[in-house]
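Taking it in order: structure first as structure tokens, then the write-up.
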Amino acid sequence: MGTRYYYITTPIYYVNSVPHIGTALTTIVADACARYRKQRGQAVYFLTGTDENAPKVHQVAQQQGKPTQQFVDEMAEVFARTWQALHIEYDVFIRTTEARHRKVVSEVFRRLRAQGDIYEGRYAGWYCISCETFFAESKVGAERTCPDCGKPLEWRDEPCYFFRLSRYTEPLREYILSHPNFILPEVRRNETLGFMAEGLQDVAVSRSGTEWGIPVPDDPHGAVIYVWFDALLNYLTATDWLERGDAYLEIWPPNLQLMGKDILPRFHATIWPAMLMALGLPLPETLYGHGWWIVNKQKMSKSLGNVYQPLEVAQELSQASGCALPYAIDAFRYFMLREMPTDSDAEFSLEGFETRYNGDLANDLGNLVHRTLSMWHRYFEGRLPDGVHVDEGLAALFQQQVARVAEAYEAVDFPQGLREAWEIIAAINRYYDEQAPWSLAKAGNMERAAQVLYGGLEAVRLMSALIAPAMPKVAEEIARQLNLPGVPQWDATSQIGALPAGHTLQPPQPIFPRLGKKGG
Ligand code: ME8
């Protein structure tokens, strides 16, 4: 077998609405994980895409008076372009309307039906078209509204195919209990075990009355396959499982599948692994479910008018501060990761974003880079003299922080990783205050001034490496100002004092202009 890839996925997003800060969160976290792995020299296969076969997608296309295929083509383009604009470096953008995906889904359906894991029955119950889910009479109350989203339900009574999920309750429970990293963070693992406590019920995996979707193979009633059964298989389609013999094992199984908490217990941590068990395929290594962004303590929704779009947020920051757009986009990525909801939900607000921008980016990071390079130019004409090295205490702190950042990034804990990285900036600010390199230079103690500024410069070089998963364009710009050929690989962070005597620096250029006070 050739290269073994680190396989990382986001969910595929429904195309009935535009990308927002919720879908951007999952995608940016995935991108940061992918970039971190690449910086460590690993081969990465990063998959994202769009979920296009849902009846609600068809419904919205009809409301807009567009042929559904045209609508999904246009929306897939909106998603792909948004992710590219957010500096997302995915390897494959999959769409569930692709022929190769339809082929995989039909084949899986056939195999599971042939082995008795899919059987024919009848479903009578209340159906939520928005959640694509059936609910038992006991769950819907007198109002007949969806227990999940609150929208009105419709009564359905139809022949239906079922996936024998109940059969996999015990094997799955055992798997979860014996693989502590299978579901992260731990709250999600507990939620999943709670969800399974009374045993999993067989799920209806076909739908009648819609022509949009992947047809159930050889079905006399013209049913289509349930959109979740279809959508989950995208992760397998992307490996060319049916086409490449054993070569798909270079990619399969996924190392890290990221998603929000809402689609973990019911779908990714139960139906999905059960489908893979039924197919005899290895299960993903880790399913990670983050929390949600809430706005003013409420769920984002079109009707409340509190849905934020990532590019608009970044553009506003760029206009208000004068920060170049690529760096404003990186600032947005930084905010998503620094404040990322992990275990619980987190509040998103423009004020919170602006505070982080002014504090962490303009005052801390931007200022460190700018004042360090300025002093090198002012006192040393931007050229490193002979004999400089980093003070011992500082070098030890750098090494400790780099290790802590790596540990947090590996655990998908970006808030923690970035906090640890910012400790380096805080340490240099203290170091400059204590050592006052400007006074040393004024007093003519150039040897010591160079020594102190060399510590600061190393911090800048390390920061360029440590922020790269979160802010790739800013990292490149810092590397350019340092006159490095590119952002340092992760290995280069273990070597403290890598910039040699004689190395010259580019003139400093501000990256994050401060936002003025409101109205000022
Ligand atoms: O669920 N905060 O697609 P989707 C954080 N097509 N995350 C949020 C969020 C918020 N306010 N709102 C949504 C689907 N998300 C299916 C997936 S995969 C085989 C099929 C996250 O377009 C949500 O948790 O509804 C999930 O990870 C993704 O956005 C869902 O997007």
Side-chain angles (χ1 to χ4, degrees), residues 8-30 47-58 60 72 75-76 78-79 82-83 93-97 101 104-105 108 128-133 148-149 188 191 205 213-214 225-238 254 256-273 275-276 284 287-302 304 306-310 313 335-337 339-349 412 414:
I8 181 165
T9 70
T10 72
I12 47 172
Y13 303 111
Y14 288 128
V15 291
N16 52 310
S17 52
V18 293
H20 52 66
I21 53 168
T23 42
L25 172 69
T26 325
T27 318
I28 290 169
V29 172
L47 175 74
T48 188
T50 40
D51 188 349
E52 304 180 3
N53 295 323
K56 64 182 172 190
V57 168
H58 180 50
V60 172
V72 296
M75 290 304 292
V78 169
F79 275 83
T82 304
W83 301 151
F93 189 98
I94 195 165
R95 299 182 51 192
T96 52
T97 47
H101 178 67
V104 166
V105 175
V108 169
C128 174
I129 187 157
S130 181
C131 301
E132 323 281 8
T133 306
D148 285 355
C149 76
R188 303 278 115 74
E191 274 166 21
V205 290
I214 303 176
I225 295 175
Y226 172 45
V227 69
W228 270 100
F229 186 89
D230 146 6
L232 288 163
L233 287 167
N234 89 86
Y235 307 125
L236 189 57
T237 304
L256 180 61
Q257 300 209 262
L258 289 154
M259 71 212 70
K261 62 178 189 179
D262 54 318
I263 57 174
L264 193 137
R266 190 184 298 180
F267 301 107
H268 283 82
T270 46
I271 301 180
W272 174 227
M275 285 165 73
L276 295 173
L287 306 167
Y288 185 99
H290 58 70
W292 271 42
W293 287 127
I294 46 169
V295 176
N296 291 328
K297 303 196 170 53
Q298 281 175 306
K299 212 171 153 170
M300 280 194 304
S301 83
K302 267 193 228 161
L304 288 173
N306 61 0
V307 179
Y308 286 104
Q309 292 181 32
V313 173
F335 183 82
M336 290 279 114
L337 295 164
E339 305 253 335
M340 164 188 175
T342 53
D343 290 10
S344 35
D345 295 343
E347 197 43 60
F348 176 89
S349 74
V412 200
F414 287 98

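When a ligand or atom number is given, it counts from 1 through the structure's own listing order. Here the structure is a predicted model, which is why all the values come from computation and not from measurement. The analysis underlying the following values was restricted to heavy atoms, covering all of them including side chains, and did not include hydrogens, waters or symmetry mates.
- Side-chain contact check for Thr96 and Glu52: no donor-acceptor pair (N or O, by modelled atom type) lies under 3.5 Å.
- Every atom of ligand 1 with a heavy atom of Gly291 under 4.0 Å away is listed here by number and element: 5 (C).
- The closest non-hydrogen atom to atom 5 (C) of ligand 1, taken over Trp293, Phe79, Tyr235, comes from Trp293.
- Interface of Met300 with ligand 1, defined as ligand atoms under 4.0 Å from a residue heavy atom, comprises 11 (N).
- Close approach of ligand 1 to Thr26 is summarised as follows: ligand atoms under 4.0 Å from at least one heavy atom of the residue are 27 (O).
- Near Asp262, the atoms of ligand 1 lying under 4.0 angstrom from a non-hydrogen atom of the residue are 23 (C), 24 (O).
- Residues Thr133 and Trp228 have side chains not in contact (no heavy-atom distance under 4.5 Å, counting atoms from C-beta outward).
- Contact of the Glu339 side chain with the Phe348 side chain is not registered, since no non-hydrogen atoms from C-beta on lie closer than 4.5 Å.
- Counting only heavy atoms from C-beta outward, the side chains of Met75 and Thr50 never approach each other to under 4.5 Å.
- Among protein heavy atoms, atom 9 (C) of ligand 1 sits closest to Gly22 CA, 3.5 Å.
- On a distance-only criterion, His268 and ligand 1 share no N/O pair closer than 3.5 Å.
- Listed by atom number, the atoms of ligand 1 under 4.0 Å from Thr23 heavy atoms are 29 (O), 31 (O).
- Of all protein heavy atoms, the one closest to atom 4 (P) of ligand 1 is Tyr14 CD1, 3.7 Å.
- Taking every heavy atom of both residues into account, Thr26 and Thr10 meet most closely at O-CG2, 4.2 Å.
- Pro11 places a side-chain heavy atom less than 4.5 Å from the side chain of Ile263.
- Near Asp51, meaning under 4.0 Å from any of its heavy atoms, are these atoms of ligand 1: 6 (N), 16 (C), 20 (C).
- Ranked by closest heavy atom to atom 16 (C) of ligand 1, the top entry among Ile12, Ile263, Ile21 is Ile12.
- When the side chain to side chain contact (heavy atoms under 4.5 Å, CB included) test is applied to Ile294, the partners found at least two apart in sequence or on another chain are Asp345, Glu347.
- Taking every non-hydrogen atom of Gly260 and a distance limit under 4.0 Å, the qualifying atoms of ligand 1 come out as 24 (O), 26 (C), 27 (O).
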Residue pair Arg266, Asp148: steps toward the salt bridge (Lys or Arg N to Asp or Glu O under 4.0 Å) verdict: CA-CA 12 Å; Arg266 190 184 298 180; Asp148 285 355; 3.3 Å; yes

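- Considering backbone and side-chain N/O of Tyr13, none are found under 3.5 Å from N/O of ligand 1.
- Residue Leu232 places no N or O, backbone or side chain, under 3.5 Å from any N or O of ligand 1.
- In this structure, Tyr13 and Phe79 have parallel ring planes: the angle between them is below the 30° cut-off, well short of the 60° mark.
- Of the N or O atoms in His290, none lie within a sub-3.5 Å distance of an N or O in ligand 1.
- Counting heavy atoms from C-beta outward, Tyr14 and Val227 have side chains that approach closer than 4.5 Å.
- Contact annotation: for His20 versus ligand 1, heavy atoms closer than 4.0 Å belong to the side chain alone.
- Separation of the His268 and Tyr235 ring centroids falls under the 6.0 Å cut-off.
- Residue contacts with ligand 1, taken as heavy atom pairs separated by less than 4.0 Å, do not involve Phe267 at all.
- Under a 4.0 Å criterion applied to the non-hydrogen atoms of Pro11, ligand 1 contributes the atoms 17 (C), 18 (S), 27 (O).
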